[in-house]
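A, B, ... follow the sequence lines: proteins, then strands. Residue 1 opens every chain.
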Amino acid sequence: MLRFGLCCMFREQPVSFAQTTARHLESMNRPAQLAKLSALCTENLNSLLAALKWIDSRDIRAFRVLSPLFPRYTHPDVGYSVADLPGADQVAALSSRINRYRREHDIRLSLHPDQFNVLSSPRTGVVEKTIEELEYQGMLAELIGAEVINIHGGGAYGDKTAALERFASNFRLLSKRVRKRLTLENDDLTYSPADLLPLCRRLKIPFVYDVHHHRCLPDRLTVDAATAACMETWVGRGQEPYFHISSPRHGWHADNLRPHADYIDPVDVPSIWLPLRATIDVEAKAKELAVVRLMDHFGLRASDA
DNA sequence: GCATGTCAAGTTGTG
DNA sequence: CACAACTTGACATGC
């Protein structure tokens with residue numbers, strides 16, 4: 001059975017996540033910073049629980065958690081750890097409530113660190129900051145029970161083979177809790193499925209197949225072949241494979257295919273996916289409305305309000 | 001109050 | 001060589 005997932009936020013449902021900036025925090029003393037950060041973390045965990053309850057009511061069984069759930073956690077000047085927060089106990093209690101909820105309601109959680117995280121970079125400072133961010137996400141994943149931390153291959157620097165070798169050696173520097181959750185996704189500019197699959201097999205990293213990126217950056221593999229290869233990389237981890245779907249905002253004949261549309265055109269969903277047991281994250285700007293519409297289309301009817 | 005510019009971070013490709 | 005695109009709002013500031 002296919003499982004469709006919502007990414008990070010809502011268009012209409014009144015569930016939102018709070019943020020702050022380092023600049024603003026720097027205008028306060030340390031106790032005031034920690035008080036504000038503690039309030040934001042608590043607020044965001046409450047929002048996450050509300051998000052899971054809403055998607056559960058629509059039979060949506062996967063959710064991508066936004067990276068800054070704990071705002072500015074790894075910032076060099078204002079960063080912190082959960083134990084530093086005045087509300088540390090509440091943060092821990094809310095996190096385990098979320099973890100129990102997603103377990104009892106069969107909801108998959110994933111994380112997707114953004115483009116600043118580059119394990120293939122030749123710059124040691126970039127790799128160090130990437131590792132720090134991934135370790136934060138590993139800590140968060142453990143708290144709330146997220147299965148997957150999904151990243152891209154990063155830059156090519158004129159030599160993809162050498163870059164992926166740096167990825168491989170830096171991968172070994174990660175803690176076990178990050179390594180056992182890390183996945184690799186093809187992007188729309190640099191690394192195609194054919195580029196990444198050998199590395200995924202070698203390091204036993206599951207491959208997340210984004211078919212829209214594949215259509216932007218094709219390789220010798222067909223959609224069917226990439227799908228099958230993706231599925232195989234997940235066997236060792238014993239989890240459902242992840243796919244990503246989106247539709248081009250300006251159609252398939254536009255100059256730029258990369259911007260995402262509000263909704264998914266169902267014909268963009270590969271028909272070979274339909275009978276699979278897999279999770280498809282829906283990357284669409286209309287957010288929950290797009291997920292519900294797509295599930296309706298395929299007869300995976302979400303219950304009505 | 002409301003509008004507008006900014007936000008920690010990397011890399012690539014375009015203008 | 002500088003800057004926008006990735007993704008996206010939401011926050012902070014200033015009028």
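- The gap from the C1' atom of C:dC1 to that of B:dA9 amounts to 22 Å, rounded to the nearest Å.
- One P atom belongs to C:dG14, the other to B:dA8, and the distance between them is 16 Å to the nearest Å.
- The separation between A:His260 atom NE2 and C:dT7 atom P is 4 Å, rounded to whole Å.
- Distance NE2 (A:His244) to C1' (C:dC6): 15 Å, rounded to an integer number of Å.
- Relative to the side chain of A:Arg23, the nucleotides B:dC7, C:dT8, B:dA9 differ in distance, and B:dC7 lies closest.
- In this structure, A:Leu119 places its CG atom 14 Å from P of B:dG10, rounding to the nearest Å.
- Each of A:Glu43 and A:Glu283 has a nearest nucleotide on DNA chain C; the 5'-most of these lies closest to A:Glu283.
- With rounding to whole Å, A:Arg249 atom CZ is found 14 Å from C:dA5 atom P.
- Scanning DNA chain C for stems, defined as runs of 3 or more consecutive Watson-Crick or G-U wobble pairs whose donor-acceptor distances all fall under 3.5 Å, gives the following ranges: B:1-7 with C:9-15, B:10-15 with C:1-6.
- OP1 or OP2 of C:dT8 sits under 4.0 Å from a side-chain N or O of A:Lys287.
- Listed candidates were B:dT12, B:dG10, B:dC7. Nearest to the side chain of A:Val118 is B:dG10.
- Seen from the ring of A:Tyr157, A:Arg123 does not count as a face-on cation partner, given the 6.0 Å and 45° thresholds.
- The separation of C:dA4 from B:dT6, taken at their C1' atoms, amounts to 16 Å, rounded to a whole angstrom.
- In this structure, the side chain of A:Lys160 engages the main chain of A:Thr190 through a donor-acceptor pair within 3.5 Å.
- Considering only side-chain N and O atoms, A:Ser121 lies under 4.0 angstrom from the phosphate OP1 or OP2 of B:dT11.
- Taking 3.5 Å as the limit, the base of B:dA8 and the side chain of A:Arg72 contain a donor-acceptor pair of atoms between them.
- Rounded to whole angstrom, the span from the CG atom of A:Leu66 across to the P atom of C:dC6 amounts to 20 Å.
- By the 5.5 Å and 30° criteria, A:Phe116 is not stacked with the base of B:dG10.
- Checking A:His24 against A:Arg11, the closest nucleotide of DNA chain C that is more toward the 5' end is the one next to A:Arg11.
- Atom CG in A:Asn44 sits roughly 9 Å away from atom P in C:dC11 (whole-Å rounding).
- If you measure from atom OH of A:Tyr157 to atom C1' of B:dT11, you get 7 Å, rounded to the nearest angstrom.
- One N or O donor and one acceptor, one from the side chain of A:Thr74 and one from the base of B:dA8, sit under 3.5 Å apart.
- Taking the P atom of each, C:dT8 and B:dC2 are spaced 27 Å apart, rounded to whole Å.
- Across all strands shown, A:Gln115 has heavy atoms under 4.0 Å from base atoms, whether or not it also approaches the sugar-phosphate.
- Closest to the side chain of A:Leu189, out of C:dA10, B:dA9, B:dT12, is B:dT12.
- B:dA3 sits 23 Å from C:dT7 when the C1' atoms are compared, rounded to a whole Å.
- Panel note: side chain A:Arg237, backbone A:Lys180; a donor-acceptor pair is recorded below 3.5 Å.
- Between A:Asp188 and A:Arg215, no side-chain nitrogen of the basic residue sits less than 4.0 Å from a carboxylate oxygen of the acidic one, so the salt-bridge criterion is not met.
- Taking atom CG of A:Asp262 as the reference point, atom C1' of C:dG9 lies 15 Å away to the nearest angstrom.
- Nearest heavy atom pair, residue A:Leu37 against residue A:Val78, reads CD1-O, 4.0 Å.
- Side chain of A:Ser121 to backbone of A:Val118: no donor-acceptor contact under 3.5 angstrom is found.
- If you take CZ on A:Phe171 and OG on A:Ser120, they are separated by 14.0 Å, rounding to the nearest 0.5 Å.
- On the P atoms, C:dA5 is 16 Å away from B:dG5, given to the nearest whole Å.
- As judged by a 4.0 angstrom heavy-atom cut-off over every strand, A:Lys36 is placed among residues touching the sugar-phosphate backbone only.
- Of the candidates B:dT12, B:dA9, B:dT11, the closest approach to any side-chain atom of A:Lys129 belongs to B:dA9.
- Tested against A:Leu173 for a side chain to side chain contact (heavy atoms under 4.5 Å, CB included), the candidates A:Ile131, A:Thr130, A:Leu134 yield a single pass: A:Ile131.
- Here C:dT8 is the nucleotide among B:dA9, C:dT8, B:dG13 with the atom lying nearest to any side-chain atom of A:Lys285.
- Taking 4.0 angstrom as the limit, A:Thr130 places none of its side-chain polar atoms (N or O) nearer than this to OP1 or OP2 of B:dA9.
- For A:Ala18, the listed nucleotide lying nearest its side chain is C:dC11; candidates were C:dT8, C:dC11, B:dG10.
- Taking the six-membered ring where tryptophan is involved, the planes of A:Phe4 and A:Phe298 are essentially parallel, since the angle between them stays under 30° and well short of 60°.
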